[in-house]
Amino acid sequence: MKYLYPYIVMLFLPGMALAQNSLYGTVYDKDTKETLPGVAVYIPDLKVGTVTDSVGNFSFSKISSGKFLLEIKFIGYASKVITANTADDKPMQIYLSQAAGELQEVVVTGVSKGTEIRRSPVPIIAIDKDYLVTNLASNAIDAITKVPGVTAVTTGPNISKPYIRGLGFNRILTLFDGNRQEGQQWGDEHGIEVDQYSVERVEVIKGPASLTYGSDALAGVVNMIPTQAAPEGALKADITTNYASNNQEVGGSGMVEGTKNGIDFLARVSHKQAMDYANAIDGRVFGTAYSETDASGSLGIHRQWGYSHISFSAVNDLQEIPDGSRDSATRQFTRQITEIDTARQIVSAHDLNTYKIEKLHQHVQHYRVYANNNFLLGAGGSLEVNLGYQYSIRQEFSHPILYTVPGLYLQLSTFNYDIKYHMPEIKDWNFIVGINGMYQDNVVTHGTDFVIPSYNQFDIGPFAVVKRSFGKFDVEAGLRYDFRIFNNQQLYTKPNPTTGFDMPVTGADTVGASKIFSNYHTLYQGVSGSIGATYNVTSQLCIKIDLARGFRAPNIAEISANGVHPGTNIYQLGNNNFKPEFSLQPDLGIAFNSKYVVFSADIFYNYLQNYIYNQKLLATNGQDSVIVAGNQTFQFQQAAAQLYGGELSLDIHPYKSLHFDNGLSLVYGDFIGKKGQVVGDSARYLPLIPPVHGTSEVRYDFSVKAAHLLNSFVKVGIVYYGAQNRIYSAYGTETRTPGYVLLNAGLGTGITGKKGKTVVNIYVLASNLLNTAYQDHLSRLKYFEFYPNNPTGHSGIYNMGRNISVKLDFPLDFKI
């Protein structure tokens with residue numbers, strides 16, 4: 001060991017010997033040349049920030065030599081991104097324009113260091129805190145579904161899974177603070193276990209990102225970034241409360257954070273609960289109430305050698321799941337009261353209007369601890385080491401008599417690792433090499449229902465990326481090779497002599513038992529990569545092109561499922577002969593930014609090899625295949641497919657306070673038959689493809705200092721979804737969905753005290769103001785119907801009706 005010590009010291013400690021530098025300057029208004037106090041100045045690669053003082057000055061001390069991106073933001077001004085060299089030791093003069101357009105923004109999602117969006121060839125968007133707090137949403141994923149190209153598969157108001165350009169589930173990798181989120185993502189109705197109050201910013205990659213993240217990023221990435229460290233010398237607190245009228249959701253979150261002498265901390269506790277939601281067709285929808293309590297915290301240290309952060313989060317969610325059962329005569333919702341389920345009880349009005357969680361529900365717990373580290377190694381090099389552990393417990397209670405006995409009981413342990421070495425710049429060339437992956441162990445044997453077997457898997461993927469600027473051109477390319485070693489375990493079951501439910505048995509007890517799963521071992525592997533370029537025609541106009549190949553190994557349900565999944569009304573079958581999915585996607589984009597207009601357009605084509613999809617099985621008589629009564633039978637299939645479409649965004653600002661924002665997204669998905677094979681219309685289109693989707697919003701911003709009103713706004717907008725007639729109707733798998741238009745509105749303001757500081761922010765936000773009855777094409781509740789031929793003309797469960805939210809936010813800011 002003593003012989004290794006010098007090398008360890010060389011690897012981790014050079015930064016400690018680096019000269020300490022300062023970075024300082026002044027921020028001005030470009031037009032008036034007046035200094036600007038209160039401007040946020042942030043260095044993403046170091047995770048440190050500050051604000052300008054009363055005369056517009058800012059400073060960072062004890063920073064190592066090197067080039068860093070600075071992000072400068074101030075309300076009412078266009079953000080600015082500049083490159084600063086700490087070795088210059090000269091005061092910086094930064095000028096901000098009073099323009100509404102935003103194109104200069106730094107993103108951290110991806111393999112590179114902090115990068116300007118306009119210079120990255122990868123199709124990526126950023127959603128900031130202002131957007132998140134001024135749009136009504138019931139969970140962290142729902143908050144971004146109005147963004148062009150992004151939608152969600154939903155199971156009621158609190159369960160949303162991200163969909164990007166027509167692909168979702170295990171093809172979209174969800175990150176929290178750059179660390180992959182793992183919590184039984186294979187399930188359609190398994191939501192993302194993240195406290196929505198903790199999310200300050202979201203970055204979305206629209207397209208294959210396997211180069212950076214490996215399997216499960218085949219179609220894109222959603223990175224939810226929590227509240228960042230407070231500026232040096234600041235102590236901040238924030239209390240947020242929220243009420244939503246439709247399901248009478250009440251929620252709130254309390255946060256405190258501070259930074260002193262390079263040591264920062266943060267602590268947060270949140271809670272929300274809601275009754276069943278309502279709409280004009282169904283009234284209150286039984287089985288959609290929820291109660292969720294979350295906690296998180298972090299502790300970090302910043303020095304000239306870099307930074308080290310350790311964080312934790314905990315989610316405890318009680319979530320009802322509807323099954324859509326109704327009384328055939330009155331259409332009132334019913335509940336299961338016996339195990340054999342031959343008769344059901346009509347749900348009373350009282351039970352539809354209570355916060356009490358039903359006996360049949362899901363209990364989801366998710367615990368995470370992770371460390372993000374960035375060591376500056378001198379000469380511009382750095383080493384990122386991110387490690388994490390997650391423990392997910394999912395219990396689905398499906399027995400109405402012995403309701404404390406979980407049907408599905410899953411325990412998932414995940415170890416994540418992500419190591420990247422950013423080499424020192426060599427003649428303007430930037431090289432990054434890295435390796436990341438995870439080890440997972442999933443235990444399923446503590447319940448009574450076994451839709452998947454216990455399994456473990458190990459992922460590892462080395463990669464390399466190169467990046468360089470040639471004048472107005474920015475070029476980036478990379479290559480990766482992934483391995484996934486997968487093992488699932490055999491399972492025998494017998495009836496429990498006490499409860500009568502199935503229970504696992506081993507050894508001699510397997511004699512006469514039912515064999516549900518067999519041992520299965522395999523290796524998935526594949527190449528992914530990307531190459532792209534951005535041409536910066538002017539400082540306002542850029543053109544991007546990117547070609548990326550994605551990789552995804554089949555998930556556990558696709559390989560091995562064999563059973564009823566509680567809460568889905570589905571008997572699911574897998575297929576262990578599946579091959580990995582591969583995608584090849586070219587993207588072309590253009591972006592323009594001026595004082596009065598911000599415009600962007602993107603088009604893409606995605607070719608998918610071995611695309612996996614779920615198909616309903618029919619019996620020989622043409623009726624639904626039934627293995628277990630009351631459940632439709634589905635089995636995963638595999639075929640070649642293609643998706644193509646694009647997004648358009650046009651924001652017009654006739655003058656600073658007035659915004660007219662518009663977005664449009666379109667995606668088509670088709671199966672590709674084998675050579676000479678004709679694919680009929682019923683089996684031609686991919687399932688779960690969102691229809692054309694558009695948004696238009698007019699917003700007016702204003703402040704009235706004399707009335708103590710700051711950062712006020714009023715807005716009105718529409719959300720448009722076209723009819724979806726391109727459906728996978730074969731075997732009754734999917735049905736058409738009519739189009740609809742929703743009217744939304746909102747207003748908000750900050751109220752200041754005598755010293756001009758904000759005392760409270762007030763938001764009143766409304767969605768579906770006209771109480772339109774509609775079904776989203778990606779809503780799973782659309783298919784929850786026991787009597788599809790009922791005389792009302794309405795089948796399945798409809799989405800939420802009119803909803804008005806009142807939110808109060810109390811920020812506190814101190815010096816320490």
Seminar exercise, completed: Separation between OG1 (Thr109) and CG (Asn223), nearest 0.5 Å, reads 3.5 Å

For this session: Only one of Gln440, Gln457, Glu182 passes side chain to side chain donor-acceptor pair (under 3.5 Å) with Thr414; say which it is.
Result: Gln440

Exercise. Does any N or O in the side chain of Gln638 come within less than 3.5 Å of the main-chain N or O of Asn610, such that one atom is a donor and the other an acceptor?
Worked result: yes

Exercise. Just by distance, do the side chain of Ser560 and the backbone of Ala557 share a donor-acceptor pair under 3.5 Å?
Worked result: no

Problem set entry | Side chain proximity check, Ile689 to Val667, heavy atoms < 4.5 angstrom | yes

Seminar exercise, completed: Residue set satisfying side-chain contact (heavy atoms from CB on, under 4.5 Å) with Pro162, at least two apart, ordered chain then number -> Ile141, Ile172, Thr174, Ile192, Val222

Problem set entry | Flag if over 12 foreign heavy atoms under 6.0 Å of OH, Tyr668 | no

Exercise. Between NE2 of His366 and CD of Glu193, what distance do you get to the nearest 0.5 Å?
Worked result: 5.0 Å

Exercise. Taking only residues two or more places apart in sequence, or in another chain, which ones meet Lys161 in a salt bridge (Lys or Arg N to Asp or Glu O under 4.0 Å)?
Worked result: none

Seminar exercise, completed: When rounded to the nearest 0.5 Å, the distance separating CD of Gln642 from CG of Leu686 is 8.5 Å

For this session: Please state whether the rings of Phe458 and Tyr439 are parallel, tilted or perpendicular, taking 30° and 60° as the class boundaries.
Result: tilted

Exercise. Are the side chain of Asn575 and the backbone N or O of Asn577 linked by a donor-acceptor pair below 3.5 Å?
Worked result: yes

For this session: Evaluate the side-chain proximity of Leu541 to Ile590: yes if any heavy-atom separation is below 4.5 Å, no if none is.
Result: yes

Seminar exercise, completed: Closest heavy-atom pair, Asn576 versus Tyr520, reported as atoms and distance to 0.1 Å, is O-OH, 2.7 Å

Problem set entry | With sequence neighbours excluded, residues passing ring pair (Phe, Tyr, Trp, His ring centres under 6.0 Å) with Phe169 | Tyr163

Problem set entry | Partner residues of Tyr307 under the ring pair (Phe, Tyr, Trp, His ring centres under 6.0 Å) criterion, sequence neighbours left out | His302, His309

Problem set entry | Considering all heavy atoms, the nearest Pro44-Leu69 contact | CD-O, 3.4 Å

Problem set entry | Matching residue for Asp474 among Arg119, Lys544, Arg118 - test: salt bridge (Lys or Arg N to Asp or Glu O under 4.0 Å) | Arg119

Problem set entry | Val122 and its side chain to side chain contact (heavy atoms under 4.5 Å, CB included) partner, picked from Thr115, Asp587, Ile205 | Ile205

Problem set entry | Residues Phe473, Tyr535; criterion ring pair (Phe, Tyr, Trp, His ring centres under 6.0 Å); working and verdict | CA-CA 5 Å; Phe473 281 94; Tyr535 177 52; 4.7 Å; yes

Exercise. Of Phe671, Phe636, Phe578, which meets ring pair (Phe, Tyr, Trp, His ring centres under 6.0 Å) against Tyr613?
Worked result: Phe671

Exercise. Within a strict 4.5 Å, meaning less than it, do heavy atoms of the Tyr213 and Leu175 side chains meet?
Worked result: yes

Exercise. So, do Val194 and Val199 sit near enough that their side-chain heavy atoms are less than 4.5 Å apart?
Worked result: yes

Problem set entry | All ring pair (Phe, Tyr, Trp, His ring centres under 6.0 Å) counterparts of Tyr389, not counting sequence neighbours | Phe415

Exercise. Are side-chain heavy atoms of Tyr607 and Ile672 found at a separation under 4.5 Å?
Worked result: yes

For this session: Kindly write out the residues that satisfy side-chain contact (heavy atoms from CB on, under 4.5 Å) with Glu200, not counting sequence neighbours, or none if the list is empty.
Result: Lys129, Thr227, Gln228

Exercise. Sub-3.5 Å donor-acceptor pair from the side chain of Glu558 to the main-chain atoms of Ile556, do we have one?
Worked result: no

Exercise. Pick from Arg201, Lys47, Arg368: which one makes a salt bridge (Lys or Arg N to Asp or Glu O under 4.0 Å) with Asp177?
Worked result: Lys47

Exercise. If you look at every heavy atom in Ala152 and Thr145, which pair is closest and at what distance?
Worked result: CB-CG2, 3.6 Å

Problem set entry | Short N-O contact, Asp482 and Arg484, less than 4.0 angstrom | no

